[in-house]
Amino acid sequence: MPVPPDAPDHPDYRFTLANERTLLAWLRTGLALVAGGVAVATYAPDLGVRWGSAAVALSLVAIGLLTALAGYRRWRANEGAIEAGRPLPASRTVPAVAAAVAAVVVVVGVLVGVEVLQR
């Protein structure tokens, strides 16, 4: 792709700043998942089975950590593409995080159902 002679030698700052805002959104999402894990561990000590609360809490914390790391990785890839003038790379991060959170929600639903049936 030829570069016009009057083009600046740096990418448009708006794209870089938008990419940075997206990274911050990924970090907030990861932090919210970690906070959810801490809340489950603190306020739901017995979730259907003895190990249920710990499993859900650890899952949420792990998903939160992986979300933050994946957001950083995606930010780096997008930043490289912006600087090189290439299209943004495809990412499977959004479906992966959505699937992981959906799996935790299903497990929580089953554990709550078990707890309700035990009463």
Side-chain angles (χ1 to χ4, degrees):
M1 171 183 237
V3 177
D6 61 342
D9 59 349
H10 59 80
D12 190 345
Y13 294 123
R14 293 174 292 178
F15 299 127
T16 300
L17 293 173
N19 192 33
E20 185 176 308
R21 285 190 301 273
T22 303
L23 169 64
L24 294 174
W26 281 105
L27 295 176
R28 281 191 306 270
T29 301
L31 184 60
L33 288 164
V34 169
V38 170
V40 167
T42 303
Y43 298 113
D46 294 326
L47 195 57
V49 293
R50 194 168 37 96
W51 50 265
S53 176
V56 170
L58 287 174
S59 297
L60 287 173
V61 169
I63 294 169
L65 173 64
L66 293 175
T67 298
L69 292 174
Y72 175 77
R73 184 172 174 243
R74 182 175 170 159
W75 172 76
R76 292 296 310 157
N78 288 348
E79 197 66 22
I82 289 169
E83 289 174 6
R86 295 186 319 261
L88 296 181
S91 175
R92 292 184 231 143
T93 305
V94 173
V97 171
V101 171
V104 171
V105 168
V106 168
V107 169
V108 168
V110 169
L111 291 174
V112 168
V114 168
E115 185 171 343
V116 168
L117 291 175
Q118 286 178 352
R119 290 184 181 188

Q. In chain order, what residues pass the side chain to side chain contact (heavy atoms under 4.5 Å, CB included) check against R28, with sequence neighbours excluded?
A. L24, A25
Q | Heavy-atom donor-acceptor pair, T93 side chain to A70 backbone, under 3.5 Å | A | no
(Q) Between N19 (side chain only) and W75 (backbone N and O only), is there a donor and an acceptor less than 3.5 Å apart? (A) yes
**Q.** W51 with V116, same ILVMFWY side-chain cluster at under 4.5 Å
**A.** yes
Q. With the 4.5 Å side-chain cut-off for hydrophobic clustering, are L60 and V105 part of the same group?
A. yes
Distance (rounded to the nearest 0.5 Å) between [X] [atom1] and [Y] [atom2]:
| X | Y | atom1 | atom2 | result |
| --- | --- | --- | --- | --- |
| L65 | L31 | CG | CG | 11.5 Å |
| T16 | E79 | OG1 | CD | 4.5 Å |
| T29 | I63 | OG1 | CD1 | 12.5 Å |

Heavy-atom pair with the smallest gap, counting every atom of [X] and [Y]:
| X | Y | answer |
| --- | --- | --- |
| A81 | P87 | CB-O, 3.6 Å |
| L27 | A68 | CD2-CB, 3.8 Å |
| L47 | V112 | CD1-CG2, 4.0 Å |
| S53 | V40 | OG-O, 3.2 Å |
| V61 | G37 | CG2-CA, 4.2 Å |
| I82 | F15 | CD1-O, 3.8 Å |

Q.
Side chains of V94 and W26, heavy atoms from C-beta outward: is any pair under 4.5 Å?
A. yes
Q. Below 4.5 Å, heavy atoms only, C-beta onward: do L111 and V56 meet side chain to side chain?
A. yes
Q: List in chain and number order the residues that pass side-chain hydrogen bond (donor to acceptor under 3.5 Å, both in side chains) with E20, two or more places apart in sequence or in another chain; answer none if no residue qualifies.
A: none
Q: Can you tell me which residue pairs pass the salt bridge (Lys or Arg N to Asp or Glu O under 4.0 Å) test with a partner in residues 61-75, sequence neighbours excluded?
A: none
Q. Can you name the one residue among V108, V107, V104 that meets side-chain contact (heavy atoms from CB on, under 4.5 Å) with S59?
A. V104
